[in-house]
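These numbers come from a predicted model, not from an experiment. Below, chain A is the first sequence line, B the second, and so on; all start at residue 1.
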Amino acid sequence: MPERKLGKIDNKYTLKIKSSGNGMADDGYKWRKYGQKAIKNSPYPRSYYKCTNPGCSAKKQVEKWRDEPDTLIITYQGLHLHPYSPFQDNNAATKKPRNQATKKLQHQILSTVLSHYCQALALKK
DNA sequence: CGGCTTTGACCGGCGC
DNA sequence: GCGCCGGTCAAAGCCG
C-alpha cells in the first residue's frame, strides 16, 4: 500500500491496539459510524467512523486483525479541527476510570499522528 | 425530543 | 471493456 501521494490525500495513521473487550475503542473523541463493509482480505468487517465535532473532517476506520482476535487496527485519516477534546472540556477525568485508558490511547494516537505528520511533511518537501 | 446507530444500495476508481 | 472492491451517502428505527 504505497503512501507517497500525500499532496493529494489526507495523512493516514494506523494504530494497533487491544480490544476494550467489546469492540468499541474510545480514544477520547466523539465518532459517528457512517458505514460498515466486509473486506475480502479479512475475515472480519471493517467499520467507518467520522468525527462528529463541528468543522472537523477527521475520519477513522476500525478493523479487527485476523491473526489477533483481540487486536483492533485503527486507521486515522486527516487531523482533528476541534479546539479541545470532549473529556478535557468537561474535566470529567475526576470520575471516569476509563479516562485513564483513554488518555493513554490519546497519547499513543497523538504520538503516532505527530510522527506520521512529521514524516509526511518531510516526504512532501 | 434529540442524537446516534444500523443496513442497503449506488458510484467511482483501478486492475487485468 | 468488464469486473471487482472500497468507500460514501441516505433513511429509518431505537435508546437515552
Q.
Quick check for you: to the nearest 0.5 Å, what is the distance between A:Leu114 atom CG and A:Tyr13 atom OH?
A. 8.5 Å

Q.
To the closest 0.5 Å, what do you measure between NZ (A:Lys30) and OG1 (A:Thr52)?
A. 8.5 Å

Under 3.5 Å, which donor-acceptor pairs link side chains of residues 38-48 of chain A to any protein atom two or more places apart or in another chain?
| from | atom 1 | to | atom 2 | distance (Å) |
| --- | --- | --- | --- | --- |
| A:Ser42 | OG | A:Glu63 | OE2 | 2.5 |
| A:Arg46 | NE | A:Glu63 | OE1 | 2.9 |
| A:Arg46 | NH2 | A:Glu63 | OE1 | 2.5 |

Q: Tell me, please, which residues at least two apart from A:Lys33 pass side chain to side chain donor-acceptor pair (under 3.5 Å).
A: A:Gln36

Q: Using a cut-off of strictly less than 4.0 Å, decide whether A:Lys40 has a side-chain nitrogen or oxygen near OP1 or OP2 of C:dC5.
A: yes

**Q.** All side chain to side chain contact (heavy atoms under 4.5 Å, CB included) counterparts of A:Lys60, not counting sequence neighbours
**A.** A:Asp27, A:Trp31, A:Tyr49, A:Val62, A:Ile74, A:Tyr76

Q.
Please determine whether residues A:Leu15 and A:Trp65 belong to a single hydrophobic cluster, defined as Ile, Leu, Val, Met, Phe, Trp and Tyr linked transitively by side-chain heavy-atom distances below 4.5 Å.
A. no

Q. Between the main-chain N or O of A:Ser111 and the side-chain N or O of A:Ser115, is there a donor-acceptor pair closer than 3.5 Å?
A. no

(Q) Under the rule for side chain to side chain contact (heavy atoms under 4.5 Å, CB included), what residues qualify as partners of A:Thr75, not counting sequence neighbours? (A) A:Lys12, A:Thr14, A:Gln61, A:Ile73

All N/O pairs under 3.5 Å across the protein-nucleotides 1-3 of chain B interface:
none

Q | Letter per nucleotide, 5' to 3', of nucleotides 8-16 of chain C [B base touched, S only sugar-phosphate touched, - untouched; heavy atoms, 4.0 Å] | A | SBB------

